[in-house]
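Protein chains get the first letters and strands the later ones, always in sequence-line order, with residue 1 at the start of each.
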Amino acid sequence: MDQLYIYNTLTKEKEIFEPLKPGFVSIYVCGPTVYGDPHLGHAKSYVAFDVVVRYLRYLGYKVRYVQNITDVGHLTDDADEGEDKLEKQSRIERLEPMEVADKYMWSYFDAMDRLNVKRPDIAPRATGHIPEQIEMIEALIERGHAYETEGNVYFDIRSFEGYGKLSGRSLEEAEAGVRVETAGDKRNPEDFALWKKADPSHIMKWRSPWGMGYPGWHIECSAMSTRYLGQTIDIHGGGLENQFPHHESEIAQCEAAHEKPFVRYWMHNNMVTLNGQKMGKSLGNAISLPQFFEGDHQLLSRKWPADVIRFFLLQSHYRSTTDFSEEALAAAESGLKNLHEIFRAIDEAEPGSGSPFDIPAFVDEVKACLNDDFNTARAIGTFFEQLRSVRKQINDGNPPSNVDELAGELKMLADEVLGLWPDEAGSGGEEDRRRLHQAIELLLEIRQKARSHRDFETADRIRDRLAEVDITIEDAPQGTTYKIGGKSFTFTLTP
RNA sequence: GGCGACAUGGCCGAGGGGUUAGGCAGAGGUCUGCAAAACCUCGUACGGCGGUUCGAAUCCGCCUGUCGCCUCCA
């Protein structure tokens, strides 16, 4: 595949990607509702779309990536009488709703930074775009798609014939699915709220043409995507579970208001399970990302580094479900370690007399994987498969003559696009690092001396004790190599 | 109950009508004081039952199972 194909959830087909404006891509991904720490599900979704954006940029597109922060309007249930999630959490934590929003927004961004997810270009907040939301609701009322009753405004689902086209749901089905008591002032039970009247105890409320109130859940995405990306956007992403009702309602709002197609390519990532089960607070298996990073949960036996989680996620396709288990993570960790060894070997090698590597074929193959609806799992497989021979050449002392060029191309793909490049070791100060190396080298000298006296007890003790603090020693004919947390250094001694 | 996905070797996970995914784990070997690392070799798997076909794990049907949506969720 020499062109990018994207699986469009709307048409259920892989389609050649062609943006509305050549060279430019507008992408909107549903961001988190910030009332709690981010969890594995967020990681899967945002790592997946991170690669989408990175790859589009690699292909030369100028991308504008918008991801909202929902900090109002998301109710605890859809009975239209539910409580705002932010307000509820603010009561529990005894904080202002905006303190809750800020706290968890930063928790979210911190976790994403650690997962090496690039920040969106714009991260608009729902509370910062109340005027845009009101304006859009007014337009919907004007066009006869929405109506006001007693300070509430609802979208009239029957006025929009395309409702259900994304989720494949007919109006009758939607109606049959409504199990909860509906608010008495709706025309049809499946109509959804655009604006809600706030009672006096409500903290987050704004003045509107319909009185004091707050926006519904779906309207913020429509208003903000229109504001920053225009009326028709190229890609809209999000989790599969948001297809209905959230994305369906976004389509209705935007297309009813603008009378233009809303989204050219809908992308939905699949779900995450934990030990085969859906994560849920009621099941007691909801583990947050900070808990993974710190190993701070009953179900976890240890810490799991962010780069391992990212690699694990990218080893499966974004449209497949991903089951997390510590066994699977451990396997991913070993695999990533090996991949990093290969990357480092290529990155550090000097061009030699070995036969040149076929770089264009390699790059084309990786691109073919990614062009096929962002198949990161196959791309990673290609790295292992094709780079093995290069590593062997390097080990044998005959690096390919074009190993420098390969390192450059590899960095573009593995670092810029997939974000899997190893971190630099020794993040402490330069001075500390130098002292550390000298201390290790001193120990290696002592060990070498012990070995020459055949005092293997001492030699092994040094090796074992260093291994305990993640400094590993490898003896080779050319000299001894040591690794601090995976990053290798060569130290030559004459025995 | 309605709608929709998926079922791949010990584990994870791509692919997809006839020819190797890949990773992890495991076995043997080279090397080594031992070890580690590296390298070499080794697994012929696709839920069950029917059907289409010269040929199906890959297409169709049924069954079983798992998961998701239909209520908040990435």
Participant: Can you sort out the partners of A:Asp113 under salt bridge (Lys or Arg N to Asp or Glu O under 4.0 Å), two or more places apart, ordered by chain and number?
Facilitator: A:Arg119
Participant: For the side chain of A:Asn269, starting at C-beta, report the closest nucleotide among B:rA74, B:rC39, B:rA14.
Facilitator: B:rA74
Participant: Grab the CG-C1' distance between A:Leu314 and B:rG23 for me, whole Å please.
Facilitator: 14 Å
Participant: Where do A:His218 and A:Glu250 come nearest, in terms of heavy atoms and distance?
Facilitator: O-CG, 4.0 Å
Participant: Let me know, please, whether A:Asn242 or A:Leu336 comes out on the 5' side of the other along RNA chain B by nearest nucleotide.
Facilitator: A:Leu336
Participant: Remember a base hit wins even if backbone is also touched, and classify A:Ser320 as base, sugar-phosphate or nothing at under 4.0 Å, heavy atoms.
Facilitator: sugar-phosphate
Participant: Check every atom of B:rC39, B:rG15, B:rA74 against the side chain of A:His39 and return the nucleotide holding the closest atom.
Facilitator: B:rA74
Participant: Under 4.0 Å between a side-chain N/O of A:Arg378 and OP1 or OP2 of B:rG15, yes or no?
Facilitator: no
Participant: Side-chain N or O of A:Thr321 versus OP1/OP2 of B:rA5: is the shortest distance under 4.0 Å?
Facilitator: no
Participant: Between B:rG22 atom C1' and A:Gln386 atom CD, what is the distance in whole Å?
Facilitator: 12 Å
Participant: How long is the line joining NZ of A:Lys483 and P of B:rA35, in whole Å?
Facilitator: 18 Å
Participant: Taking the same atom, C1', in B:rG18 and in B:rC46, what whole-Å distance lies between them?
Facilitator: 16 Å
Participant: Ignoring the backbone of A:Phe244, work out which of B:rC69, B:rC39, B:rA74 is nearest its side chain.
Facilitator: B:rC69
Participant: If we take the C1' atom in both B:rC6 and B:rA14, what is their distance in whole Å?
Facilitator: 15 Å
Participant: Rounded to whole angstroms, how far apart are CD on A:Glu341 and C1' on B:rC39?
Facilitator: 14 Å
Participant: Using the P atom in both, what is the distance from B:rC67 to B:rG13, to the nearest Å?
Facilitator: 15 Å
Participant: Indicate whether OP1 or OP2 belonging to B:rU20 is found under 4.0 Å from a side-chain N or O atom of A:Arg388.
Facilitator: no
Participant: Is the closest side-chain donor-acceptor distance between A:Glu333 and A:Trp304 under 3.5 Å?
Facilitator: no
Participant: Applying the side-chain hydrogen bond (donor to acceptor under 3.5 Å, both in side chains) criterion to A:Ser316, which one of A:Asp323, A:Thr376, A:Thr322 satisfies it?
Facilitator: A:Thr322
Participant: For A:Pro290 versus A:Ser107, what's the shortest heavy-atom pair and its separation?
Facilitator: CG-OG, 4.4 Å
Participant: Closest heavy-atom contact between A:Gly164 and A:Glu248?
Facilitator: N-OE2, 3.0 Å
Participant: For A:Lys392, report the nucleic acid contact type (base, sugar-phosphate, nothing); a contact means any heavy atom under 4.0 Å.
Facilitator: sugar-phosphate
Participant: When all nucleic acid strands are considered with a 4.0 Å heavy-atom cut-off, which category describes A:Val29: base, sugar-phosphate, or nothing?
Facilitator: nothing
Participant: I need the CD-P distance between A:Glu468 and B:rA36, as an integer number of Å.
Facilitator: 17 Å
Participant: Does A:Lys14 pair with A:Asp373 as a salt bridge, N-O distance under 4.0 Å?
Facilitator: no
Participant: So what stems show up for RNA chain B if we need 3 or more Watson-Crick or G-U pairs in a row, all under 3.5 Å?
Facilitator: B:1-7 with B:64-70, B:10-12 with B:22-24, B:26-30 with B:38-42, B:47-51 with B:59-63
Participant: Between A:Asp307 and A:Arg310, is there a salt bridge with N-O shorter than 4.0 Å?
Facilitator: no
Participant: Suppose the criterion is salt bridge (Lys or Arg N to Asp or Glu O under 4.0 Å): which pairs have a residue in residues 375-390 of chain A, not counting sequence neighbours?
Facilitator: none
Participant: Could you measure between the two P atoms, the one in B:rG22 and the one in B:rA36, and give it in whole Å?
Facilitator: 25 Å
Participant: What pairs meet the salt bridge (Lys or Arg N to Asp or Glu O under 4.0 Å) rule with one or both residues in residues 448-457 of chain A, with sequence neighbours excluded?
Facilitator: A:Arg451-A:Asp475
Participant: Can you name the salt bridge (Lys or Arg N to Asp or Glu O under 4.0 Å) partners of A:Glu474, sequence neighbours left out?
Facilitator: A:Lys483
Participant: Please give the distance between the P atoms of B:rG43 and B:rC34 as a whole number of Å.
Facilitator: 30 Å
Participant: Taking N or O atoms only and anything under 3.5 Å, show me the protein contacts with nucleotides 24-33 of chain B, one pair per line.
Facilitator:
| from | atom 1 | to | atom 2 | distance (Å) |
| --- | --- | --- | --- | --- |
| B:rC24 | OP1 | A:Asn338 | ND2 | 2.2 |
| B:rG33 | O6 | A:Arg451 | NE | 3.4 |
| B:rG33 | N1 | A:Asp460 | OD1 | 3.3 |
| B:rG33 | N2 | A:Asp460 | OD2 | 3.1 |

Participant: Regarding A:Phe49, tell me which of base, sugar-phosphate or nothing describes its non-hydrogen contacts under 4.0 Å with the strands shown.
Facilitator: nothing
Participant: Looking across every strand, which nucleic acid part, if any, lies under 4.0 Å from A:Phe383 by heavy atom: base, sugar-phosphate, or nothing?
Facilitator: nothing
Participant: Over how many whole Å does the gap from A:Phe292 atom CZ to B:rA74 atom P extend?
Facilitator: 17 Å
Participant: Could you work out the separation of B:rG9 and B:rU52 based on their C1' atoms and round it to a whole Å?
Facilitator: 28 Å
Participant: Send over the distance from A:Asn270 CG to B:rA5 C1', rounded to a whole Å.
Facilitator: 7 Å
Participant: Which nucleotide sits closest to the side chain of A:Ala328: B:rC70, B:rA14, B:rC12?
Facilitator: B:rC12
Participant: What is the distance, rounded to the nearest whole Å, between atom NZ of A:Lys165 and atom P of B:rG4?
Facilitator: 19 Å
Participant: At 4.0 Å (heavy atoms only), tell me whether A:Glu385 reaches a base, stays on the sugar-phosphate, or touches nothing.
Facilitator: sugar-phosphate
